[in-house]
Amino acid sequence: MPEGHTVHRIARQFARDFVGHRVAVSSPQGRFAQGAALLDGRELLTSAAVGKQLFLGFEGGHVLRVHLGLYGAWDFLGVVSPLVDGGGAVASLGAPRVRRSVRMGEGEREGDEGAEAEDFPPEPVGQVRVRLATEQTVADLRGPTACEVLDPAATAAALARLGPDPAVEDDVRARMADPHAVAAATGGAAHVEPGETDPAVADAVASGPGTAADVMVQRLTARGTAVGQLLMDQAVVAGIGNIYRAELLYRARLDPHTPGKRVPAETARALWDDWSVLLADGIATGVMLTREDLDEAGRAAALRDPAQRHWVYGRGGEPCRTCGTPVVVEEMAGRKLYWCPTCQR
DNA sequence: TGGAAATGTCTAG
DNA sequence: TAGACCTTTCCAC
């Protein structure tokens with residue numbers, strides 16, 4: 001059940017342990033047999049996340065696009081490198097080592113330590129849609145909403161549907177969105193007409209740094225739709241899910257029902273800036289900790305205890321941490337929305 | 001053992 | 001807006 005930060009961590013894990021390796025690709029469950037056959041034995045050249053989607057670029061111009069949806073997850077088994085500059089549970093383990101499992105997606109957790117070498121590679125457990133394997137490391141994918149092999153043109157089209165993501169450098173995004181560059185980088189042929197590159201990215205790149213924020217502000221303030229819905233719209237801004245949505249709105253003291261058109265540009269910009277901070281923190285720790293009021297001890301406690309991590313998310317009926325008003329939980333576009341009717345006015 | 005819920009998205013009506 | 005889809009986990013019975 002990932003939001004954007006988790007997918008960025010997954011992309012980094014693949015960059016550490018799979019990029020540069022020839023990868024055995026299989027579908028133990030059988031539902032991805034054709035795609036697996038297409039990728040099997042190819043070298044993985046690139047690993048990138050945009051919003052909640054993962055793009056793995058293989059030699060030959062094939063890109064594996066994965067969206068975990070509500071309950072998809074990757075399990076990493078065998079030798080799993082710590083995310084050294086990422087901090088959090090994985091990085092704290094130090095040097096690469098044999099671990100039974102590091103699960104990413106459905107709430108990360110550490111696996112049991114000390115598996116024997118002869119356990120590798122382990123038998124797939126449950127409904128494993130895809131298994132990627134190097135000599136030392138296995139990644140098992142379960143329950144994704146999307147799992148498909150794309151050519152460079154389809155990759156560009158998938159990227160074009162996504163709004164800006166603060167954790168994606170403009171140049172990285174532009175290279176990924178440029179089908180010719182993707183083709184060159186992955187050794188494949190480009191089959192895309194000029195002009196198919198994501199216009200948002202083209203704007204951002206053409207106008208220089210900082211304009212990804214402008215794209216988000218423009219898209220958020222252009223429509224009469226409730227800001228609570230717009231933040232979940234991946235074409236407006238990529239990577240925000242139900243938890244970050246509720247918490248960002250609370251931190252901005254913004255009523256989720258406010259139409260986008262009535263959100264001042266500076267407020268929209270502040271939402272982008274705050275999202276950038278929360279996302280970077282989430283990528284670093286692997287935990288969605290959205291309370292900025294905690295001291296060091298409180299933060300450490302919240303990292304251990306999920307009940308302490310949020311201002312309003314998951315706290316329907318409980319007193320607001322600021323004013324004591326019961327937190328409201330309601331349905332917005334089919335998802336549960338948590339907010340404080342006193343603070344967010 | 002069965003049902004509901006979960007950090008999501010798409011399509012039909 | 002309702003329903004479908006993907007999978008696992010937890011809780012009530």
Side-chain angles (χ1 to χ4, degrees), chain A residues 1-11 27-33 35 49-54 64-75 88 101 103-109 111 124-131 139-148 154 157-163 165 167 225-226 228-251 256 275 278-279 281-283 285-291 302-303 306-317 329-339:
Chain A
M1 297 168 266
E3 298 195 20
H5 71 299
T6 302
V7 185
H8 280 283
R9 287 176 65 85
I10 291 165
S27 178
Q29 179 198 50
R31 292 186 49 178
F32 188 65
V50 177
K52 301 170 189 172
Q53 307 202 26
L54 176 71
L64 177 62
R65 180 183 79 94
V66 173
H67 193 306
L68 293 176
L70 197 51
Y71 37 68
W74 284 99
D75 276 343
S101 168
R103 179 162 233 208
M104 303 182 83
E106 194 198 353
E108 295 175 46
R109 61 184 184 232
V125 176
Q127 297 294 311
V128 177
R129 182 78 57 87
V130 184
R131 165 168 283 196
D140 283 344
L141 171 65
R142 292 183 182 78
T145 285
C147 175
E148 58 182 354
L159 288 165
R161 289 191 287 271
L162 295 170
D165 174 339
T225 306
Q229 277 181 252
L230 289 169
L231 285 181
M232 298 274 280
D233 183 339
Q234 302 300 301
V236 171
V237 53
I240 296 175
N242 206 18
I243 296 180
Y244 279 133
R245 178 262 295 267
E247 296 295 293
L248 283 164
L249 290 169
Y250 182 84
R251 287 158 64 102
W275 168 227
L278 287 182
L279 178 58
D281 189 66
I283 293 171
T285 64
V287 173
M288 280 190 274
L289 175 50
T290 53
R291 290 176 60 191
L303 286 172
Q308 301 300 317
R309 289 178 192 165
H310 308 308
W311 285 106
V312 290
Y313 178 82
R315 302 190 61 246
V329 54
E330 65 181 64
E331 289 263 324
M332 179 181 270
R335 305 299 302 281
K336 282 188 176 175
L337 167 69
Y338 301 85
W339 64 294

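Numbered from 1 within each chain, the chains take letters A, B, ... in sequence-line order.
Put simply, CD on Gln234(A) and CG on Asp165(A) are 9.5 Å apart, with the number rounded to the nearest 0.5 Å.
Arg31(A) comes within 4.0 angstrom of the backbone, heavy atoms only, and of no base.
Aromatic pair His5(A)/Tyr244(A): ring centres closer than 6.0 Å.
Between the P atom of dA6(B) and the CZ atom of Arg245(A) lies a distance of 13 Å, rounded to the nearest Å. Spacing between atom CZ of Arg142(A) and atom C1' of dT8(C) amounts to 10 Å, rounded to whole angstrom units. As a whole-Å value, the separation of Glu330(A) CD from dT1(C) C1' is 16 Å. Distance CG (Leu162(A)) to P (dG8(B)): 14 Å, rounded to an integer number of Å. Distance CG (Asp75(A)) to C1' (dT8(C)): 11 Å, rounded to an integer number of Å. Separating the OH atom of Tyr244(A) from the C1' atom of dG8(B) is a distance of 16 Å, rounded to the nearest angstrom. Atoms CG (Leu70(A)) and P (dA6(B)) sit 9 Å apart, rounded to a whole Å. If you measure from atom CG of Asp140(A) to atom C1' of dT7(C), you get 14 Å, rounded to the nearest angstrom.
Rounded to a whole angstrom, the distance from the P atom of dA5(B) to that of dC13(C) is 14 Å. Across dT9(B) and dT9(C), the matching P atoms stand 22 Å from one another, rounded to whole Å.
Side-chain contact check for Arg142(A) and Gln127(A): no donor-acceptor pair (N or O, by modelled atom type) lies under 3.5 Å.
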Please test Leu141(A) against Leu68(A) for side chain to side chain contact (heavy atoms under 4.5 Å, CB included), starting from the C-alpha separation and ending with a verdict.
CA-CA 9 Å; Leu141(A) 171 65; Leu68(A) 293 176; 3.5 Å; yes
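Side-chain contact between Trp339(A) and Leu249(A): absent, with no pair of heavy atoms (C-beta onward) separated by less than 4.5 Å. The side-chain heavy atoms of Gln229(A) and Met332(A), taken from C-beta on, include a pair separated by under 4.5 Å.
Side-chain N/O atoms of Lys336(A) include none lying less than 4.0 angstrom from OP1 or OP2 on dA5(B).
Using a distance-only test at 3.5 Å, with no hydrogens or angles considered, no donor-acceptor pair links the side chain of Arg291(A) to the main chain of Arg309(A).
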Between the protein and nucleotides 9-13 of chain B, list every N/O to N/O distance that falls short of 3.5 Å.
residue: dT9(B); atom: OP1; partner: His67(A); partner atom: NE2; Å: 3.2
residue: dT9(B); atom: OP2; partner: Lys52(A); partner atom: NZ; Å: 3.3

